[in-house]
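Numbers here simply count residues along the sequence, with the first being 1.
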Amino acid sequence: MADTLSLVLALLGVAVTVYGLWMFPKRMKQARSENDTQFSNLKLTSSNPRLSFNGADAMVVLETSETYDNHEGVKFITRRICKNPSNEYFLVMLGEEKPYLTHLSKERAMNALRPHKALFDKEFGG
């Protein structure tokens, strides 16, 4: 009886693990799609057009993403450093209920891109 229970519990554990491994990429793909939609719809209007942002016409300079698991479930967080058509830099963080958007000074953008030598050189001429 104990051997049967152990076998059933082991098989249940394997089934849960396999299901999780099968579902994780699907959830991440869905989360990525939601983040992309959220980004495309993101707008910041300013009286100074140089400080306005529209995700639909922004150029992504650097993108990083990470996943983490908390009490609410698995989160897929995307961080993007972008430029608007006026070549002003912005930091966008997606994956939470409300996206985070802030303007970056040239110095802050340089600091953020400095660890990525090729991108830094492309943006700021090395």
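Ionic pairing of K75 and E66 is not present here: no N-O contact between side-chain nitrogen and carboxylate oxygen is shorter than 4.0 angstrom.
Linking ILVMFWY residues whenever their side-chain heavy atoms come closer than 4.5 Å, directly or via other members, leaves L91 and V60 in distinct clusters. Under a hydrophobic clustering in which Ile, Leu, Val, Met, Phe, Trp and Tyr are joined whenever their side-chain heavy atoms come within less than 4.5 Å, directly or via other members, V61 and Y100 fall into the same cluster. Note on I77: it does not cluster hydrophobically with V92, by side-chain heavy-atom contacts below 4.5 Å among ILVMFWY residues. In this structure, F53 is not a member of the same hydrophobic cluster as M59, with clusters built from ILVMFWY side-chain heavy atoms closer than 4.5 Å.
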Salt bridge (charged side-chain N to carboxylate O under 4.0 Å, His left out) assessment of E123 paired with K117: CA-CA 10 Å; E123 290 297 312; K117 184 167 176 27; over 6 Å; no

Between K83 and F90, does a side-chain contact (heavy atoms from CB on, under 4.5 Å) hold up when you go through it step by step? CA-CA 6 Å; K83 289 194 306 189; F90 293 82; over 6 Å; no

Run the numbers on L101 and L42 for side-chain contact (heavy atoms from CB on, under 4.5 Å), then give the verdict. CA-CA 9 Å; L101 170 66; L42 194 57; 4.2 Å; yes

Chi angles and distances behind the side-chain contact (heavy atoms from CB on, under 4.5 Å) call for D57, N84: CA-CA 7 Å; D57 63 12; N84 68 7; 5.6 Å; no

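The OG1 atom of T64 sits 7.0 Å away from atom NE2 of H116, with the distance rounded to the nearest 0.5 Å. Atom CG of L94 is separated from atom CZ of R32 by 9.5 Å, given to the nearest 0.5 angstrom. Note that OH of Y89 is 10.5 Å distant from NE2 of H103, once rounded to the nearest 0.5 Å. With rounding to the nearest 0.5 Å, the separation of CD in Q38 from OG1 in T78 is 9.0 Å.
Geometrically, R80 engages F39 in a cation-pi contact, judged by NZ or CZ lying under 6.0 Å from the ring centre and within 45° of the ring axis.
Proximity of a side-chain donor or acceptor of N54 to a complementary backbone N or O of L44 within less than 3.5 Å is not detected. A donor-acceptor pair under 3.5 Å links the side-chain atoms of N35 to the main chain of F76, judged by distance alone. Counting only distance, with no hydrogens or angles, the side chain of D121 and the backbone of G125 share no donor-acceptor pair below 3.5 Å. S52 places a side-chain N or O within 3.5 Å of a backbone atom of S46 that can act as its donor or acceptor partner. Formation of a donor-acceptor pair under 3.5 Å by the S40 side chain with backbone atoms of D36 is found in this model.
A side-chain N or O of N111 and one of R114 form a donor-acceptor pair less than 3.5 Å apart. When only modelled atom types and interatomic distance are considered, E34 and Q30 share a side-chain donor-acceptor pair under 3.5 Å.
Nearest heavy-atom pair across P49 and S47 is CD-O, 3.3 Å.
Residue K43 places its NZ atom among more than 12 non-hydrogen atoms of other residues, nucleotides or ligands, all under 6.0 Å distant.
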